[in-house]
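Worksheet: the structure to be examined is printed underneath.
Each residue takes its place number in the sequence, starting with 1.
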Amino acid sequence: MLRIISLNLNGIRSAYSKGVLPWIAAQNADVVCLQELKAQYADLTDEMKYPAGLHAYYHCAEKKGYSGVGLWCRQKPDAVIEGTGNAEFDAEARYLRADFGQLSVISLYLPSGSSSPERQQAKFRFMTVFYPHLVELAKSERDVVICGDWNIAHQEIDLRNWKGNRKNSGFLPEERAWVSRVLEEGGWCDVYRRLHPATSDECYTWWSNRGQAWAKNVGWRLDYQLATPALAATARAATVFKAQRFSDHAPLTIDYELV
């Protein structure tokens, strides 16, 4: 069984102070995909750089306290690849890939467009340049899973207040259509939805810090594991862990039964 966890930390130092490492250590995961490190490599403690029993890899953004992705791997990868070759978004450290034989596991942090119109346009640019890369990966004949914060709720069942968010970043028609294209034309499978096609309230992975969103479960499903079809077909269990909070996101764990 291959266990993969995806978690947006909203700051690795903050998540550590909330006990993320002991929880991860107890999960027996093969790969943990981290997003939004909000730290430079020099800011990391030795415990973060060398978590017990794991090989840690980080891609930190050029801008301090911003973005960044990481991978914790039980087995040392054959290769680790930072970025996709796009200068604008590689500087923001949004993509980190580890290869294990025929398997590739990718940690992805897709831009958010909620802070300004300029960032929404950056999000659209990322979606445009990333789609051909997705198609290329899907055609590579490798088993690939892309884990991360996609910052898009795909369907109405993926967020509580879908009617009131139709004009907001994260649920815009163009964003939702892009995810549909990735799944229907790009060659990818939404693994959580394969296992839980109709789940709504239990599927959320992010809650605003405003109001009482967490207490009232006014959430969004923003964190996905998208896999190539053959790998997705081996998925046996998908869970969102909510008993303890490490950030404004919840960890998404999926078990794959590889043969």
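Under the 4.0 Å criterion applied to side-chain N and carboxylate O atoms, Glu92 and Arg119 are assigned as salt-bridge partners. Here Asp30 pairs with Arg74 in a salt bridge; the nearest charged N to carboxylate O distance falls below 4.0 Å.
For the residue pair Glu175 / Gln120, a side-chain donor-acceptor distance below 3.5 Å is found, with atom types taken as modelled. A donor-acceptor pair shorter than 3.5 Å can be found between the side chains of Ser104 and Asp99.
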- prompt: Where do Asp158 and Arg193 land on the salt bridge (charged side-chain N to carboxylate O under 4.0 Å, His left out) test, with the steps shown first?
  reply: CA-CA 10 Å; Asp158 290 326; Arg193 279 289 171 227; 2.6 Å; yes

- request: List the steps, then state whether side chain to side chain donor-acceptor pair (under 3.5 Å) holds for Asn151 with Lys123.
  value: CA-CA 9 Å; Asn151 267 313; Lys123 184 177 185 178; 5.5 Å; no

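Considering only heavy atoms from C-beta on, Cys60 comes within 4.5 Å of Leu37 through its side chain. For the pair Asp90 and Glu82, the minimum side-chain heavy-atom distance is 4.5 Å or more. Looking only at side-chain heavy atoms (C-beta outward), Ile157 and Thr199 stay at 4.5 Å or farther from each other.
Annotation: cation-pi geometry satisfied between Arg221 and Tyr224 (NZ/CZ under 6.0 angstrom from ring centroid, within 45° of ring axis).
Trp207 meets the ring-ring contact (aromatic ring centres under 6.0 Å, His included) test with Trp214; sequence neighbours excluded. Residues satisfying the ring-ring contact (aromatic ring centres under 6.0 Å, His included) test with Tyr109, not counting sequence neighbours, are none.
Taking the six-membered ring for Trp and the full ring otherwise, Tyr95 and His133 have centroids separated by under 6.0 Å.
Residue Glu62 qualifies as open at atom CD: its count of foreign heavy atoms under 6.0 Å is 12 or below.
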Would you give me the side-chain donor-acceptor pairs under 3.5 Å for residues 49-58, sequence neighbours excluded?
| unit_1 | atom_1 | unit_2 | atom_2 | d |
| --- | --- | --- | --- | --- |
| Tyr58 | OH | Met48 | O | 2.5 |
| Tyr58 | OH | Trp72 | NE1 | 2.8 |

